[in-house]
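In what follows, a structure is listed as structure tokens, so that the remarks can point back to it.
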Protein chains: 2
Amino acid sequence: MANLTITEVSKKYNIKPDTLRYYERIGLIPKVPRQSNGNRYYNEGLQGWIEMIVCLRHSDVPVEKLVDYAEMLNQGDSTLDAREELLKEQLAELEQRKSNLNRSIKRLKHKISLYDSGEIKKGKSYFEEYKIMDD
Amino acid sequence: MANLTITEVSKKYNIKPDTLRYYERIGLIPKVPRQSNGNRYYNEGLQGWIEMIVCLRHSDVPVEKLVDYAEMLNQGDSTLDAREELLKEQLAELEQRKSNLNRSIKRLKHKISLYDSGEIKKGKSYFEEYKIMDD
DNA sequence: TCTTGACCTTGAGTTAACTCCAAGTAGTAC
DNA sequence: GTACTACTTGGAGTTAACTCAAGGTCAAGA
């Protein structure tokens, strides 16, 4: 795992260079070290952090929360408790999201089964379809 | 289950009246019937449809997709296959989302356990913390 | 009669998270 | 020296999904 340029990181994590620069600008990623020509290079630590960000962003953890976390990291040990608290809040949020998701998945599967079984047929209106859709 | 006014529906599904009117404007909800004074009233069928929308929106199914579905409903039986297809696509999308979510949840839980066990201690930098965070 | 409150309309404003643009530089290839 | 490519910057533009504001109608109650 070596130092990578911005495009290499961009490919590795499937995220645009512009987004990486944007994350840096807003303080989600700390000052990235530069080569003599001014180009960024991303070391192991940064890559790990970016992987974490990308993972959590795929679950729509707000950028703002991640920035808060990053800022607390910079402030050192005085923020240990607050950091853990933030992680726990986000976890709770994701668990909630998961239960919503399960409800939606169940609903969609049910509805698809109605299409498959032919129970939803010609000319149904919103109202008529609803009668069937509402389990 | 009787006819409800816009604020009643708004309370029932925890969604703002403005949002309900917005949904109607963009064709996600069909023309809502009016009382003599011009006020909307929502009948059973509409309420069922709104419940469906709210459920799927909690899982971030795009409004645009729901509008597509609503428009196809209006077009009748010729769109049966396309409607089922749309539902299947959204289902696949949600399943994907769920697996992302599980990954994030696992990650957060792991990280929290590191805080709890005291393995993340004073003065860790991004880099140092990453070493621990990366399982 | 006056006021309050719930509703209406059109159209504009907001927010999050990118995403793109123009103009410039640094390094390599011929 | 002239392309060509990969980067740099600051700032503007985009998109989705609301969300609000201004001004108007109407019915019920003091």
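Labels below follow one simple rule: chain letters A, B, ... track the order of the sequence lines, proteins then strands, and each chain is numbered from 1.
Between A/Glu95 and B/Lys109 there is a salt bridge, since at least one side-chain N of the basic residue sits less than 4.0 Å from a carboxylate O of the acidic one. Look at B/Arg40 and B/Glu24 and you find a salt bridge, because one of the NZ, NE, NH1 or NH2 atoms lies within 4.0 Å of a carboxylate O, short of that distance. A/Lys12 has no carboxylate O lying under 4.0 Å from a charged side-chain N of A/Glu8, or vice versa, which leaves the two without a salt bridge. Comment: B/Arg107 engages A/Glu51 in a salt bridge, judged by a side-chain N to carboxylate O separation of less than 4.0 angstrom.
Each of B/Asp18 and B/Glu64 lies near DNA chain D, and the nucleotide nearest B/Glu64 is the one positioned closer to the 5' end. Comparing A/Lys16 and A/Asn37 along DNA chain C, the residue whose closest nucleotide (by nearest heavy atom) sits nearer the 5' end is A/Lys16.
Between the OH atom in A/Tyr115 and the CG atom in B/Leu86 there is a gap of 9.0 Å [rounded to 0.5 Å].
Regarding contacts with the backbone of C/dA6, every side-chain N or O of B/Thr5 stays at 4.0 angstrom or more from both OP1 and OP2. Within the structure, every side-chain polar atom (N or O) of B/Arg21 is placed at least 4.0 Å from both OP1 and OP2 of C/dT9.
Remark: C1' of C/dA17 and CZ of A/Arg25 are 11 Å apart, rounded to the nearest angstrom. Computed from coordinates, the B/Leu56 CG to D/dA17 C1' distance equals 16 Å when rounded to whole Å. Separating the NZ atom of B/Lys11 from the C1' atom of C/dA6 is a distance of 10 Å, rounded to the nearest angstrom. Per the geometry, OH belonging to A/Tyr42 stands 10 Å off P belonging to D/dC7, to the nearest Å. Note: NZ (B/Lys31) to C1' (C/dC8) measures 13 Å, nearest angstrom. Here the P atom of nucleotide D/dA17 and the CG atom of A/Asp60 are 12 Å apart, to the nearest Å. Look at CD on B/Gln35: it is 15 Å from P on C/dA6, rounded to the nearest Å. Regarding B/Asp68, its CG atom lies at a distance of 12 Å from the P atom of D/dA16, rounded to whole Å.
Heavy atoms of B/Tyr23 sit under 4.0 angstrom from primed sugar atoms or phosphate atoms, though from no base atom. Among the heavy atoms of the strands lying under 4.0 Å from B/Arg57 are primed sugar atoms or P, OP1, OP2 only; no base atom is included. Nucleic acid contact class of A/Ile6 (heavy atoms, under 4.0 Å, all strands): sugar-phosphate only. Nucleic acid contact class of A/Asn39 (heavy atoms, under 4.0 Å, all strands): sugar-phosphate only. Here B/Arg40 lies in heavy-atom contact (under 4.0 Å) with sugar-phosphate atoms only. The residue A/Pro62 sits close only to the backbone: its heavy atoms come under 4.0 Å of sugar-phosphate atoms, none of a base.
Below the 3.5 angstrom threshold, one finds no donor paired with an acceptor across the side chain of A/Arg34 and the base of C/dT25.
Checking C/dA12, C/dC18, C/dT9 against every side-chain atom of A/Tyr22, the shortest atom distance belongs to C/dC18. Of the listed nucleotides (D/dC18, D/dC7, C/dC7), D/dC18 has the atom at the smallest distance from the side chain of B/Thr19.
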Next on the checklist: Please evaluate residues B/Lys16 and B/Tyr22 with respect to the criterion side chain to side chain contact (heavy atoms under 4.5 Å, CB included), reporting the C-alpha separation (whole Å), side-chain torsions for both, the decisive distance (0.1 Å), and the verdict.
Outcome noted: CA-CA 10 Å; B/Lys16 299 202 173 143; B/Tyr22 163 70; over 6 Å; no

